[in-house]
Every structure is written in C-alpha cells, then in structure tokens.
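Heads up: the structure comes next, in structure tokens.
These numbers come from a predicted model, not from an experiment.
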Amino acid sequence: MKKLENKSWLEYCEMLVFALLCVLMADCCIFGSGRTIMVGSFGFRMILVALVLLVSVPVLVRDFRFLIRKRVLWLFGILAAWLMFQAIRGVANDPSVWAVDVKGYCYFFMLLPAICVLNSKHRIHKLMKVMLYASATLAVAALLLTYWYKCNHALFVKIYFMDPQELILDLSPLIDKIVPRLYFRSTNYLLVGCAFSIYFFVVESGKFRWHYPVITGLCLFGMLVSYTRAVYLAAFITAAVVTAVFMIFGLRKIRIEFWKHLIAATLVFSVITVGLGAIVGTNYIEHGIRRIVATFGTEEETTNQVTMPVAEPEKAENTIQVVSLSNVVWTEEPVEEENNAEMMTVGSDMIRADTLQELNGWIRMAPIFGHGLGKAVACRYDGLTEYVYHEMVMKTGIVGLLIYMLPVLWLILSMVNQKHLSKPHKLIAGCWLAVLMGYMGFSYYNPYMNASLGILFYCCTIGVFVNLKCGSKKYN
C-alpha cells in the first residue's frame, strides 16, 4: 500500500497503460477479429487501442528523449511517412479497401506505448504469461469444441451459425459430423502458447512448471485441427527458430530442459490426439497430412469450377457447394468423405491462383512505387487478397515492402550481435522473434501482418527488444 502511495501520477498512468496492453493482447489471443463486442461502429479492440494511446500520452512525453534516440523508431517513422504518402495516392482507389488498409496500418501507433511500458523484464514476463494463458484458453476451447462437434453436431452447427460473420471461428467439415476444421481467428496465437511455455519451463523450477508442456501439447492440437496449411508453415518456422535460439544461446542445462519440455509436450499432444481420435473414431494426424499432401496434387486438377463440402443446419447431410469464379450455387450431390480435404484444397488453390495472377499483373505495371493504398483485386468479391507481400508491393511498391522489412532485419541483427543482448535476454527475445517469424511466414498466404493481430504482436516484439537491449543500463 505504501508503494502505491509513493508513486507519482505518471507511474499510475504507466501502470494503467500496461494493464490495458495486457487486456489488449489477451483479446488478440482469444477473440480473433476484435469485434465480438461492438459499441456503435467501434469494436472492443479499437476502443482498447484508443484508451491505451490516450492514457499513454503523458508517458510518451516523459520518455520523449529516450524514444527519439532509438534507431528502430526512425525506421518506423520512415515507414509511417511512406504509408501516408501511399494513402494520399490511393484516395481515388476503392473506398472500402482503402479504409481497411488505413485502419490496419494505424495499429502501428501502438509501438510507442509498447516501448514505454515494457521497460523491465518483470513486465515482459507478466505480458508473456497473460498471453500464454490466454492462448491456453483458446487451445482448451479447440479441444472441447472438437469433441462437442462429434457428440452433438446439430446443436453445434446451429450455435455456430449464430455468428454469420465468423468473428471468432471459421468452421467447415473435413468429414461431416466427425472431423471439423476449426480455424479460430486467433489460431496463430497458439504459437505464443508453445514458444512462451518453452521459455518459462526452462527458466523456472519446481513441480508447477510441468503444466507448461501440457499447454504446449494443447496448443499443438489446436493448430492441428485448424487444418490450415499456412498455420502448419508458421508452426514449422517458429519451431525451427525457437530450437536454434535455445541450442545456440542456451547453456547446457537450458538445452537439456528444452528437450525435456519437447519430449513431454510431444507425449501430451500424442495422448490428446490418439485418445480423442479413438473416442471419436478418426485419425486427426492423418487428416492433417492429407490436407498437406493434397496441396501437391491440385495444380492439374484446378479448373474454373470445383466442389467443396459445406455444412448448414437446414440443408441435407453431405451436401456440397459448387464454387465458381463468377457465382456460388447449391447442389445435392453425395460427398465422398475421403475426398473432402482434397476438394477443399483444390477450391482454395484455384482462387489463390487467380488472385496471384491478377496481383502480378498490377505489380508489373508499377513495381517500384505501387498503386497506392485501397487498390482492389477484381477477382475477389471484397477486393482484398490473401498474399500480404504481393499486396504490399502492389499498393506500396518494392520500396514499401523493403521499408516494412527493415525493422525485422534490425531484430535479427540484434539477436546475432553479441553486444546488443545478453544470453539470458536472447532467450526471451528469441521466443518473441520466433513467433513473429512464424507470423511472417503465415502472411505469405494469409492477411496477418497488415492487420491488428500481426501488427500488434510486431509492436510488442519491438518493444521487448528495445528494452532488453538497454535493460542492463536503464531498467534492471
């Protein structure tokens, strides 16, 4: 109590900003779109961001001299100037796409509060644990929903269709009434549950730390049942970077604890996957492998019209949806269950191929400076694309993509440079970087690093690196 009484009003502001940041990142870990709660036309996440920015103004003024000396902020300043230039150029483009682009990139304003409040290892650990347990909550939800889908399929689908905009969950049946494809909007944040669990397992002691491999196993299962190839790619990249970080920068004891965690998490994942598969009567890993393998057999099968399985409560069982470039119609044809994953993959790849072809056409017309924000893609009904980096080049040019990637290069150089971070700090920073690199890989195929979920994590990662680099001098 005395400590609270002795704090200045600026310190209270800082504490409030940090608390709001924790709530914001927990929201990212669980609720995906950030629009599950709406106040007029404003979503819960937008309101949280506005509050953080408002309350952090005094803190930003206090730390102005500290911030102005950070080179990485100058890189983001250049990025902000370029995006502003492209926003002005794109005013004449599609208004709805322009608004989506501008709103997404506005989340970069969260970089300044993140740097100011993540100013100690203790706070970084707190934020990591908030995100860790929030991700674990999502993983448990994935496990329960997978089982519930089989037990009470009809009720599950009725409740699911109460959310027509799919703000939290995107559901489609891989095998009708048995295996659902549960892609949460926050599925990628399960990578946080994996990477951060590894860190806390190796640095903490005692029996309580053994719940971390359980969380990792649950998160791995949650990513498996998403049956999303880009998620698998992101998981592979994150796993590779985390392993490299702990093998290169960890002491012998740390490396041993790392492998202990990995073995325990694999055991938990296997028990969950095999056990639930035995109860439900299916093999989840086999379906995941089939989803990946189908990728390599779709090139010759992709046509202007493909069939994809769907599930709606008022339609007959095993109906399919015929997806065309120009329209969508319903047909009552039987679906061969073993081909569902392949048909889903064919349909996805067909749409992606058309999108990529149009993107490349626009890029060839203006490769250096792009066409400005708001440039729409005609082959997509909403004008938006899934290829983030192609989209960046189309809208902001090669120059814009290079500027966007410069802070990532700064992060990697900070890890490699022996003078920038101590080895214990590199383990923390490495976990954040590993997840970010996973998001970067995911974003090649899906919009992530140009929207709130990816950009907010990007900002927090920069905040962690900045403060760990100067931690021994200023904070710890």
Check whether any side-chain N or O of T216 sits under 3.5 Å from a backbone N or O of Y212 as a donor-acceptor pair, and report yes or no.
-> yes
Check the pair E204 / F201 against side-chain contact (heavy atoms from CB on, under 4.5 Å), numbers first and verdict last.
-> CA-CA 6 Å; E204 293 182 0; F201 180 83; over 6 Å; no
D27 side chain vs V23 backbone, donor-acceptor pair below 3.5 Å = no
Does the ring centre of F442 sit less than 6.0 Å away from the ring centre of Y448?
-> yes
Under 3.5 Å: donor-acceptor pair, side chain of N450, backbone of G104 | no
Residue Y133 excluded, over 12 heavy atoms near OH under 6.0 Å | yes
E257 and R209: salt bridge (Lys or Arg N to Asp or Glu O under 4.0 Å), yes or no, with the steps?
-> CA-CA 11 Å; E257 295 300 319; R209 72 187 181 124; 2.8 Å; yes
Provide the closest heavy-atom pair for C460 versus L127 in the form atom of the first, atom of the second, distance.
-> SG-CD2, 4.3 Å
Please report the shortest heavy-atom distance between V225 and G222, naming the atom on each side.
-> CG2-O, 3.5 Å
Verdict with reasoning, I285 to L224, per side-chain contact (heavy atoms from CB on, under 4.5 Å) = CA-CA 7 Å; I285 295 178; L224 171 66; 4.1 Å; yes
Taking the side chain as every heavy atom from C-beta outward, state whether D101 and E391 have any atom pair closer than 4.5 Å.
-> yes
Is the count of non-hydrogen atoms from other residues, nucleotides or ligands lying under 6.0 Å from W74 atom CH2 greater than 12?
-> no
Closest non-hydrogen contact found for C431 with A195 is SG-O, 3.6 Å
W432 and ring pair (Phe, Tyr, Trp, His ring centres under 6.0 Å): which partner among Y439, F465, F196?
-> F196
What are the two closest non-hydrogen atoms of I237 and G438, and how far apart are they?
-> CG2-N, 3.9 Å
Report yes if some heavy atom in the side chain of Y404 is under 4.5 Å from a heavy atom in the side chain of M449; otherwise report no.
-> yes
Locate the shortest heavy-atom distance separating R45 from C28; write the atom from each residue and the value.
-> NH2-CA, 3.6 Å
Side chain to side chain contact (heavy atoms under 4.5 Å, CB included) with L411: which of V464, L433, V72?
-> L433
Given side-chain contact (heavy atoms from CB on, under 4.5 Å), test N360 with I363 step by step and report yes or no.
-> CA-CA 5 Å; N360 288 333; I363 289 171; 4.3 Å; yes
Step through it carefully: locate the ring centre of Y445, locate the ring centre of H390, and say whether they are under 6.0 Å apart.
-> no
Test ring-ring contact (aromatic ring centres under 6.0 Å, His included) on F76 and Y458 and set out the steps.
-> CA-CA 12 Å; F76 276 103; Y458 196 0; 5.7 Å; yes
Would you check if the side chain of S135 reaches a backbone N or O of C29 as a donor-acceptor pair within less than 3.5 Å?
-> no
Within a strict 4.5 Å, meaning less than it, do heavy atoms of the V202 and K260 side chains meet?
-> no
Could you tell me whether W82 and F85 have their ring centroids closer than 6.0 angstrom?
-> yes
Out of curiosity, F31 CZ to S186 OG, how far, rounded to the nearest 0.5 Å?
-> 9.0 Å
Taken to the nearest 0.5 Å, the spacing of T146 OG1 from I279 CD1 works out to 12.0 Å
What's the shortest heavy-atom distance between P113 and L60, and which atoms?
-> N-CD2, 4.1 Å
Just do the ring-ring contact (aromatic ring centres under 6.0 Å, His included) check on Y444 and Y387 with the steps written out, would you?
-> CA-CA 5 Å; Y444 181 82; Y387 293 91; 5.7 Å; yes
Using a cut-off of 6.0 Å, state whether more than 12 heavy atoms not belonging to F109 lie near its atom CZ.
-> no
Measure from NZ or CZ of K129 to the centre of the six-membered ring of F200, then state whether that distance is under 6.0 Å and the direction lies within 45° of the axis.
-> yes
Are the side chain of K426 and the backbone N or O of M415 linked by a donor-acceptor pair below 3.5 Å?
-> yes
Would you give the length of the straight line joining atom CG of L456 to atom CG of L453, rounded to the nearest 0.5 angstrom?
-> 7.5 Å
Counting distance only, does the side-chain N/O of T396 pair as donor-acceptor with the main-chain N or O of V393 below 3.5 Å?
-> no
Decide yes or no for F64 and L67: does some side-chain heavy atom of the first lie under 4.5 Å from some side-chain heavy atom of the second?
-> no
Any chance you could measure L436, atom CG, to T461, atom OG1, to the nearest 0.5 Å?
-> 5.0 Å
T273 side chain to S270 backbone, donor-acceptor under 3.5 Å | no
After noting the C-alpha distance and the side-chain angles of M84 and L373, does the key distance pass the side-chain contact (heavy atoms from CB on, under 4.5 Å) rule?
-> CA-CA 9 Å; M84 193 176 300; L373 298 185; over 6 Å; no
Centroid-centroid distance, Y284 to F221, less than 6.0 Å = yes
Consider only side-chain N and O atoms of H261 and S197, and report whether a donor and an acceptor are under 3.5 Å apart.
-> no
Check: I30 main-chain N/O paired with Y189 side-chain donor or acceptor under 3.5 Å = no
Are the side chain of T187 and the backbone of Y183 linked by a donor-acceptor contact shorter than 3.5 Å?
-> no
Just wondering, do L73 and I115 contact through their side chains at under 4.5 Å, heavy atoms?
-> yes
Check: T238 side chain, A434 main-chain N or O, donor-acceptor pair, under 3.5 Å = yes
Got F269 and L218 here, is their nearest side-chain heavy-atom distance under 4.5 Å?
-> no
Compute both the distance and the angle, then confirm whether R255 meets the cation-pi test with F246: under 6.0 Å from the six-membered ring centre, within 45 degrees of the axis.
-> no
Do we see a donor-acceptor contact under 3.5 Å between the side chains of E14 and N119?
-> yes
Can you tell me how far the NZ atom of K121 sits from the CE atom of M128, to the nearest 0.5 Å?
-> 11.0 Å
Mark yes when over 12 heavy atoms from residues, nucleotides or ligands other than M247 sit less than 6.0 Å from its CE; otherwise mark no.
-> yes
Side-chain contact test, heavy atoms from C-beta onward, threshold under 4.5 Å: evaluate it for L24 versus L20 and give yes or no.
-> no
Between atom CG of L10 and atom CG of D63, what is the distance when rounded to the nearest 0.5 Å?
-> 9.0 Å
Are E286 and R290 within salt-bridge range, i.e. N to O under 4.0 Å?
-> yes
S443 versus Y389: any side-chain heavy-atom pair under 4.5 Å?
-> yes
